[in-house]
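Below, chain A is the first sequence line, B the second, and so on; all start at residue 1. Here the structure is a predicted model, which is why all the values come from computation and not from measurement.
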Number of protein chains: 2
Amino acid sequence: MDLDEIDLQILALLQCDASISTELVSQHVGVSKTPCWRRMQRLEKLGYVKKKVALLDADKLDLGVSVFVQIKTNRHDASWAEELTDVINDFPEVVEFYRMAGEYDYLLRVLVKDISAYDEFYKKLIRSTSLTDVTSNFAMEQIKYTTEVPLAAPKI
Amino acid sequence: MDLDEIDLQILALLQCDASISTELVSQHVGVSKTPCWRRMQRLEKLGYVKKKVALLDADKLDLGVSVFVQIKTNRHDASWAEELTDVINDFPEVVEFYRMAGEYDYLLRVLVKDISAYDEFYKKLIRSTSLTDVTSNFAMEQIKYTTEVPLAAPKI
DNA sequence: TGTGAAAGCCGCCAACT
DNA sequence: AGTTGGCGGCTTTCACA
């Protein structure tokens, strides 16, 4: 990994606030504007920073319910997995999608307005591909949600 | 909800790319610069935009393993729940934390480097509070991950 | 809401250590 | 790798229709 301490500090700052100016970043990490700017450019070009996004308040937008959906299948060929991936990617309600080890094959997090909106999603899902077993677990409350990855770098 | 179509379009753009300039936003949504800027200010002030962040590449930073941890407890009083919340919030490895309906009481997503890093986390967790049942499910692959909430607004 | 325009900061580059 | 200096442009703001 070709990152030094300063790079990690820059990443820590940016993943906390992407709209911070180069000048402020440079002051925090203790180098002057230009090298700091060059580092930031490099971190983007190398893909350490994937994108900069605005995080919206899901509750305010009436999307307060997360549902975790565990999926089991008996088809384990590559083409079916690809099909499932395509299907899932077309659902904007699915915000996370994992292939799992263990009992269940896949795990989804689905973000919807309420239970009936989830039911609509569920019907769409089982209609669009063949699944052996689908188990839904409802979240009552989102206690923590962060996009910040746990960097080894010291917190600023 | 005091948002019109234009506001929703602005939100859709910003949650896809927060570094887009006011001018580009204004062109996309069909109003001129200043009113568009005023809307964007308003959306932030009202809290629809919570923050702007950089999304980092977890794989590149050697944090490729997500573990979903289901927690069961027999203590259902408010003070214990608060204690758990505090404990969890102090773990940077825990990137998501939900109170669940159904069999399990809580669900965590923990982001770590590898299995042994997870084991370290696990030991820290069970040491810091009393839990009746902890089940860990490992994700082999993150197929989809987005911070974009499914807005009713038309995709741009 | 839209227009226009001023002020200022910021990203960006050049020349040098 | 770092610094210093500066140009150009965009963001931000205000005044007014």
Side-chain angles (χ1 to χ4, degrees), chain A residues 1-57 60-62 147-149 151-156, chain B residues 1-57 59-63 147-149 151-156:
Chain A
M1 203 193 300
D2 40 4
L3 300 180
D4 61 13
E5 275 298 311
I6 292 178
D7 289 320
L8 288 173
Q9 283 184 33
I10 292 174
L11 289 177
L13 285 167
L14 290 179
Q15 76 170 337
C16 171
D17 179 9
S19 55
I20 185 173
S21 71
T22 312
E23 181 144 31
L24 273 180
V25 175
S26 76
Q27 287 169 11
H28 272 101
V29 304
V31 292
S32 57
K33 263 175 56 176
T34 307
C36 185
W37 178 81
R38 280 199 286 246
R39 281 169 181 269
M40 288 162 69
Q41 294 293 108
R42 175 171 165 272
L43 291 169
E44 286 211 32
K45 199 170 63 199
L46 294 181
Y48 288 99
V49 174
K50 281 198 289 194
K51 59 191 306 200
K52 296 179 178 180
V53 301
L55 300 181
L56 307 186
D57 189 316
K60 278 208 172 63
L61 294 162
D62 202 16
T147 57
E148 294 179 37
V149 305
L151 292 174
K155 283 271 175 187
I156 290 99
Chain B
M1 204 193 301
D2 41 5
L3 299 180
D4 61 14
E5 274 299 312
I6 292 177
D7 289 319
L8 288 172
Q9 283 184 35
I10 292 174
L11 289 176
L13 284 168
L14 289 179
Q15 76 170 337
C16 172
D17 178 10
S19 55
I20 184 173
S21 73
T22 312
E23 181 143 32
L24 273 179
V25 175
S26 76
Q27 288 170 11
H28 271 101
V29 303
V31 294
S32 57
K33 259 175 59 176
T34 307
C36 184
W37 179 82
R38 281 197 283 247
R39 281 170 181 269
M40 288 162 70
Q41 295 293 106
R42 175 173 165 271
L43 291 169
E44 287 210 31
K45 200 169 63 199
L46 294 180
Y48 288 98
V49 174
K50 281 198 289 194
K51 58 192 308 200
K52 296 178 178 180
V53 301
L55 300 182
L56 307 187
D57 189 318
D59 282 326
K60 278 207 171 63
L61 294 161
D62 202 15
L63 290 163
T147 57
E148 293 180 36
V149 305
L151 292 173
K155 283 272 173 186
I156 290 100

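- Contact between the side-chain N/O atoms of A:S32 and the OP1/OP2 oxygens of D:dG2 is not found at any separation under 4.0 Å.
- In this structure the side chain of B:L61 reaches within 4.5 angstrom of the side chain of A:L3, judged on heavy atoms.
- When the nucleotides C:dC10, D:dT13, D:dG2 are ranked by their closest atom to the side chain of A:E23, C:dC10 comes out on top.
- Protein atom CD of A:Q41 is 17 Å distant from nucleotide atom C1' of D:dA1, rounded to whole Å.
- Applying side-chain contact (heavy atoms from CB on, under 4.5 Å) to A:L13 and the options A:L8, A:L24, A:V25 leaves one that passes, A:V25.
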Please list, for nucleotides 6-8 of chain D, all pairs of protein and nucleotide N/O atoms separated by less than 3.5 Å.
none

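- Among the nucleotides C:dG11, C:dG2, D:dT3, the one closest to any side-chain atom of A:T22 is C:dG11.
- Closest non-hydrogen pair, A:E148 versus A:Q15, comes out as CA-OE1, 3.0 Å.
- At least one side-chain heavy atom of B:R42 sits less than 4.5 Å from a side-chain heavy atom of B:D2.
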Just the atom pairs and distances: protein N or O near nucleotides 15-17 of chain D's N or O, under 3.5 Å.
none

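- Listed here is the closest heavy atom pair of A:K50 and B:L56: CE-O, 3.6 Å.
- Among D:dT11, D:dT4, D:dT12, the nucleotide with an atom closest to any side-chain atom of B:W37 is D:dT12.
- Using a 4.0 Å cut-off between charged side-chain N and carboxylate O, A:K51 and B:D17 make no salt bridge.
- For B:D59, there are no side chain to side chain donor-acceptor pair (under 3.5 Å) partners two or more places apart in sequence or in a different chain.
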